[in-house]
Amino acid sequence: MTATFDWAEFERVLHDGVVRSVESAMADHPGERLYAAVLDHVYREEDGLIALPQLGINSVEALAREPEDVREQLRWSAPDWDRYLDDWLSPGPAEQWERALTALACAGTTRHWQRTFERYLGAVVRVCRRARTTLRTSGVTDREFVVLLLDDEHHESLIKRVLSKAEVRRHFPELDERTAALAQLAALPPAERARSLAGLLGTFDGPVGSEEAEAALRDLGPAAIPALVDLLGSGRAWQAAKLLADIGRRDDQVIDALRAALGRADAQHWVAVALSRLGRLDLVLAATLPASVVAGAVAGPYTSFRDHSVVAPPLDYGPLAEVIERSPAYLSALEARLAPGTSYCEITADEVDAAVLGLSSPHAVIRRHAVSVLGRRQLGKKVGRRVLPVLCRTMRDDQDASVRRLAILSLLYWRRDSRHLADLVREALGDPDAKVREAAKYWLREQALER
């Protein structure tokens with residue numbers, strides 16, 4: 001492992017580790033028939049750490065010892081197996097490979113990180129195939145034994161990259177069922193497809209579940225609106241309201257239906273947030289609603305739910321500032337809803353001006369949000385050249401200690417692009433607030449710039 005990452009050697013080390021672990025499992029349980037080794041828990045932080053997977057190994061006999069009603073659930077759930085290893089590679093070399101892989105991924109842009117991670121997955125896919133062949137040809141396992149890479153985000157695609165079509169059908173029949181069900185839905189006229197998908201919301205036991213139905217309805221756009229409006233009168237009203245906001249159509253049909261649904265106690269929060277996200281916060285403020293519902297609606301456009309929008313409305317702190325100034329009784333509830341650590345929206349490069357303007361707001365809750373959403377290296381180097389000096393001024397000059405602390409953390413999220421600002425961050429070691437000083441120490445430690 002040098003400055004040039006040796007992918008071939010990396011694959012060899014992983015291959016040998018899988019083979020050695022399976023051989024050890026066979027030696028420990030000579031009378032049992034192994035059916036799978038699974039590499040999973042591929043932990044990663046975008047633009048940061050890429051970890052090596054855990055390794056699970058299971059036998060037909062071990063699965064048969066489980067209660068019958070959970071066997072299928074546990075068949076491919078490696079963390080629930082008796083043999084689930086985080087030390088299947090020697091700790092020293094494993095940590096070295098992890099550090100080298102992460103350093104390679106973090107040596108460029110966020111797109112470079114993504115490409116490196118994709119190459120990493122491809123390497124582990126090849127490890128699975130080669131390890132299976134090695135174990136079968138050496139007689140350690142039989143032809144039915146498989147080596148898999150499982151990951152929640154890339155579940156289906158990775159399975160299909162490792163196994164043949166016949167093996168996918170045999171071991172994961174639900175994937176074929178899902179493909180067939182999606183094809184049937186796609187063949188329906190849009191209005192009928194929307195009704196069918198709406199009926200799948202809240203279901204989790206069929207080939208197409210609630211999450212996929214949500215995504216498909218969102219993709220249908222305006223064609224899904226009549227089915228979703230009808231759903232506002234059901235127990236899935238909250239989900240319908242969220243999807244109507246995601247689609248973003250602000251016509252009278254949608255607004256009138258949402259306003260009528262504000263009276264549903266079981267969906268009131270989501271309906272109010274939907275109206276706010278669609279630019280009709282005035283209807284929420286005019287209604288008689290619990291303070292928590294109003295605060296949730298006011299905060300809604302600034303949370304991560306905004307990121308689900310087909311086209312998100314531009315960042316605008318005006319409505320939030322207006323509520324704070326006209327109805328200060330909501331301030332404490334809004335500060336709780338928009339507290340640091342809650343899920344904020346992600347902004348685009350086109351919204352940077354609005355976020356920078358937010359840093360001059362007299363309201364700390366707005367400045368906390370603005371300084372946080374500017375901590376995103378995915379905005380690109382051009383944006384970084386503008387944003388980094390602004391974050392430094394905020395770190396030094398903002399009257400609110402929590403805003404100064406968040407400015408330091410946002411600088412950290414720019415990673416290598418902000419390293420040249422180390423001397424300015426060191427100045428924060430003299431900040432009067434202990435949490436700001438600790439954030440500065442953390443920044444220097446994470447950037448490996450401690451003196």
Side-chain angles (χ1 to χ4, degrees), residues 1-25 34 36-58 76-79 81 83-138 140-141 145-165 167-168 171-172 175 415-416:
M1 285 171 287
T2 63
T4 301
F5 192 85
D6 190 339
W7 285 98
E9 178 64 9
F10 177 65
E11 289 185 30
R12 186 195 66 76
V13 169
L14 265 61
H15 164 274
D16 291 353
V18 172
V19 170
R20 186 168 55 249
S21 298
V22 174
E23 289 173 340
S24 175
L34 301 182
V38 168
L39 291 163
D40 84 332
H41 191 58
V42 187
Y43 180 80
R44 67 272 194 180
E45 300 168 4
E46 187 176 24
D47 206 25
L49 172 68
I50 299 178
L52 300 186
Q54 312 279 61
L55 176 65
I57 303 169
N58 210 23
W76 303 109
S77 182
W81 297 348
R83 202 175 190 93
Y84 187 62
L85 312 170
D86 58 7
D87 58 353
W88 59 282
L89 295 173
S90 300
E95 291 170 3
Q96 291 172 21
W97 280 110
E98 226 168 61
R99 285 197 299 269
L101 179 62
T102 299
L104 173 67
C106 295
T109 63
T110 54
R111 180 64 191 127
H112 171 78
W113 186 97
Q114 291 160 0
R115 286 195 297 266
T116 303
F117 182 69
E118 289 163 5
R119 185 171 182 181
Y120 165 61
L121 290 181
V124 182
V125 164
R126 288 189 294 276
V127 166
C128 291
R129 291 173 174 168
R130 287 182 52 220
R132 181 187 183 186
T133 299
T134 298
L135 290 162
R136 185 176 69 242
T137 55
S138 63
V140 176
T141 58
F145 178 82
V146 296
V147 182
L148 292 175
L149 171 60
L150 297 183
D151 179 74
D152 289 342
E153 184 180 354
H154 304 286
H155 181 73
E156 182 172 352
S157 64
L158 289 174
I159 288 170
K160 290 183 174 180
R161 288 171 68 180
V162 173
L163 300 180
S164 69
K165 290 182 179 180
E167 289 170 334
V168 171
H171 296 298
F172 297 92
L175 297 183
R415 299 190 181 275
R416 64 199 302 269

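In plain terms, the two heavy atoms of V125 and R161 that are nearest each other are CG1-O, 3.8 Å. In plain terms, the two heavy atoms of C128 and L148 that are nearest each other are SG-C, 3.6 Å. Shortest non-hydrogen contact noted between Y120 and L52 is OH-CA, 3.4 Å. The nearest pair of heavy atoms linking V42 to A51 is CG1-O, 4.3 Å. H41 and Q54 get closest at one heavy-atom pair: CB-CG, 3.7 Å. Listed here is the closest heavy atom pair of G56 and Y84: CA-CD1, 3.8 Å.
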I'd like to know whether E118 forms a salt bridge (charged side-chain N to carboxylate O under 4.0 Å, His left out) with R44, so could you lay out the CA-CA distance, the side-chain angles of the two residues, the decisive distance to 0.1 Å, and finally the verdict. CA-CA 12 Å; E118 289 163 5; R44 67 272 194 180; over 6 Å; no
Going through the checks in order, is the side-chain hydrogen bond (donor to acceptor under 3.5 Å, both in side chains) test met by T110 and R415? CA-CA 10 Å; T110 54; R415 299 190 181 275; over 6 Å; no
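Atom-to-atom distance recorded for W7:CH2 and L104:CG is 6.0 Å, nearest 0.5 angstrom. Note that OG1 of T137 and CZ of R132 are 12.0 Å apart. Values are rounded to the nearest 0.5 Å. In this structure, CG on D6 lies 9.5 Å from CZ on R12, to the nearest 0.5 angstrom. Here H15 contributes atom NE2 and R20 contributes atom CZ; the two are 10.5 Å apart, rounded to the nearest 0.5 Å. With rounding to the nearest 0.5 Å, the separation of CZ in R416 from OG1 in T109 is 9.0 Å. Interatomic distance, L158 CG to E153 CD, rounded to the nearest 0.5 Å: 9.5 Å.
Under a 3.5 Å cut-off, the side chain of R136 and the backbone N or O of F145 do not form any donor-acceptor pair. The backbone N or O of V22 sits nowhere less than 3.5 Å from a side-chain atom of R83 that would complete a donor-acceptor pair. Between the side chain of H112 and the backbone N or O of D47, no donor-acceptor pair lies under 3.5 Å.
Test I159, V38, L39 against L149 for side-chain contact (heavy atoms from CB on, under 4.5 Å) and you get one pass: L39.
By the 30° and 60° cut-offs, the orientation of the rings of W76 relative to H171 is perpendicular. Classification of the H155-F172 ring pair by plane angle, with boundaries at 30° and 60°, yields perpendicular.
Contact of the T102 side chain with the W113 side chain is not registered, since no non-hydrogen atoms from C-beta on lie closer than 4.5 Å. At a threshold of 4.5 Å between non-hydrogen side-chain atoms, the residues L121 and F117 count as touching. Using a 4.5 Å heavy-atom threshold, the side chains of V19 and L135 count as touching. Inter-residue side-chain proximity for E46 and Q114 is flagged as met; some heavy-atom pair is nearer than 4.5 Å. A heavy-atom distance below 4.5 Å is not found between the side chains of V13 and P93.
Aromatic ring centres of F5 and W97: separated by under 6.0 Å.
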